[in-house]
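First the structure, in the form of structure tokens, and then the observations on it.
The structure presented is a predicted model; accordingly, all values stated were derived computationally and were not measured. Counting begins at 1 with the first residue of the sequence.
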Amino acid sequence: MTNDSISTTTVAPTQDAKELARLAKQFPVRDGEKAWTPRDVRDVADELVADIDRLTAELASADAELSDLLRNSGDGAGDDQADSGSSALEREQELTLVNNTRDMLAQTQHALARISAGTFATCESCGKAIGKARLQAFPRATLCVECKQREERR
């Protein structure tokens, strides 16, 4: 997904207060937590949009670096095995960085789409509230703590 593809799922900066209030009312909270407010929704959406911009720039830079590494991988035909191994390790690390950045970007875009769809604070596994505090700390979370723990034990 590119940054352009999220424009239809973004909580637009000019979105009216009525729409934000409607979205906020849809988001469940855990016992003891205060309900989502339009301001809370706006803050999380703004953070996600900023993350998308940052990750898109990082991805472009990492892609360029990886392209350079791959393009130059044939250079130095006289290099010894240690140099070749070092170059291969560097390419592998850069590829890992690119893949991690792509995954983070996709998760961030998914979180923003969930806000627009009204499903943002709902666990994708059990359907219960993820928790407002958890989402404010990590807005890309798609599972409640219990489901996440269960997933990690597998």
Side-chain angles (χ1 to χ4, degrees), residues 1-73 88-154:
M1 225 185 250
T2 65
N3 199 13
D4 295 337
S5 66
I6 62 146
S7 60
T8 59
T9 59
T10 296
V11 177
T14 59
Q15 195 149 26
D16 65 20
K18 201 183 290 187
E19 178 64 12
L20 285 175
R22 183 189 67 77
L23 286 170
K25 286 179 185 174
Q26 289 181 297
F27 300 152
V29 293
R30 296 176 73 93
D31 290 339
E33 289 183 327
K34 292 183 179 179
W36 286 90
T37 66
R39 176 67 185 196
D40 295 334
V41 175
R42 165 67 52 221
D43 290 346
V44 170
D46 288 348
E47 179 183 344
L48 290 168
V49 169
D51 284 350
I52 287 170
D53 291 344
R54 177 184 55 81
L55 289 166
T56 301
E58 284 180 19
L59 188 57
S61 175
D63 272 338
E65 177 71 22
L66 182 59
S67 292
D68 286 346
L69 287 172
L70 292 173
R71 189 175 22 263
N72 298 328
S73 65
L89 179 62
E90 189 176 356
R91 284 191 305 274
E92 184 66 31
Q93 288 174 329
E94 197 62 33
L95 185 59
T96 299
L97 176 66
V98 167
N99 287 333
N100 288 345
T101 303
R102 280 191 183 121
D103 289 346
M104 184 74 75
L105 180 59
Q107 290 171 9
T108 305
Q109 291 169 330
H110 181 64
L112 202 55
R114 286 175 44 117
I115 288 175
S116 291
T119 60
F120 176 67
T122 305
C123 177
E124 289 184 344
S125 179
C126 70
K128 295 180 182 173
I130 292 175
K132 184 177 176 182
R134 175 170 165 75
L135 286 167
Q136 287 175 321
F138 186 70
R140 288 174 291 282
T142 58
L143 301 174
C144 65
V145 172
E146 294 82 8
C147 289
K148 184 64 175 172
Q149 288 172 339
R150 216 177 2 259
E151 179 187 86
E152 289 177 352
R153 280 190 287 243
R154 291 182 192 158

| query | Could you walk me through whether Leu112 and Ile52 pass the side chain to side chain contact (heavy atoms under 4.5 Å, CB included) check? | reply | CA-CA 10 Å; Leu112 202 55; Ile52 287 170; 3.8 Å; yes
| task | Supply the atom-to-atom distance Phe27 CZ to Thr119 OG1, rounded to the nearest 0.5 angstrom. | result | 7.5 Å
| request: Count the heavy atoms of every other residue, nucleotide or ligand shown that sit under 6.0 Å from CZ of Arg39, and state whether that count exceeds 12. | output: no
| said: Donor-acceptor check, side chain of Asp63 to backbone of Ala60, threshold 3.5 angstrom: yes or no? | reply: no
| Cation-aromatic face contact Lys132/Trp36, 6.0 Å, 45 degrees | yes
| said: To the closest 0.5 Å, what do you measure between CD (Glu58) and CG (Asp53)? | reply: 11.5 Å
| field | All side-chain hydrogen bond (donor to acceptor under 3.5 Å, both in side chains) counterparts of Arg150, not counting sequence neighbours | value | none
| Arg153 and Gln149: side chain donor to acceptor below 3.5 Å | no
| query | Mind checking what makes side chain to side chain contact (heavy atoms under 4.5 Å, CB included) contact with Glu94, not counting sequence neighbours? | reply | Ala62, Glu65, Leu66, Leu69, Leu97
| Nearest heavy-atom pair of Ser116 and Leu23: which atoms, and what distance? | O-CD2, 3.9 Å
| Contacts of Asn99 that satisfy side-chain hydrogen bond (donor to acceptor under 3.5 Å, both in side chains) - sequence neighbours left out | none
| request: Working to the nearest 0.5 Å, report the span between NZ of Lys25 and CZ of Arg22. | output: 10.5 Å
| field | Spacing of Arg102 atom CZ and Leu55 atom CG [to the nearest 0.5 Å] | value | 12.5 Å
Do any side-chain atoms of residues 120-129 form donor-acceptor pairs under 3.5 angstrom with protein atoms, and if so which ones, sequence neighbours left out?
residue: Glu124; atom: OE2; partner: His110; partner atom: NE2; Å: 2.6
residue: Glu124; atom: OE2; partner: Arg114; partner atom: NH1; Å: 2.7

| query | Quick one: side-chain hydrogen bond (donor to acceptor under 3.5 Å, both in side chains) partners of Gln136, sequence neighbours excluded? | reply | none
| Donor-acceptor contact present, side-chain Arg140 to main-chain Leu105, <3.5 Å | no
| Shortest non-hydrogen separation from Leu143 to Ile130 and the atoms involved | O-CG2, 3.7 Å
| query | What is the distance from atom CG of Asp103 to atom OG1 of Thr108, rounded to the nearest 0.5 Å? | reply | 10.5 Å
| said: When you compare the side chain of Arg42 with that of Glu47, does any pair of heavy atoms fall below 4.5 Å? | reply: no
| request: Among residues two or more places apart or on two chains, list those pairs meeting salt bridge (charged side-chain N to carboxylate O under 4.0 Å, His left out) that have a residue in residues 26-38. | output: Arg30-Glu146
| said: The test is side chain to side chain contact (heavy atoms under 4.5 Å, CB included); show your working for Ile115 and Leu48 and say whether it passes. | reply: CA-CA 10 Å; Ile115 288 175; Leu48 290 168; 3.7 Å; yes
| said: Show the nearest heavy-atom pair for residues Val44 and Pro139, with the distance to one decimal. | reply: CG1-CB, 3.8 Å
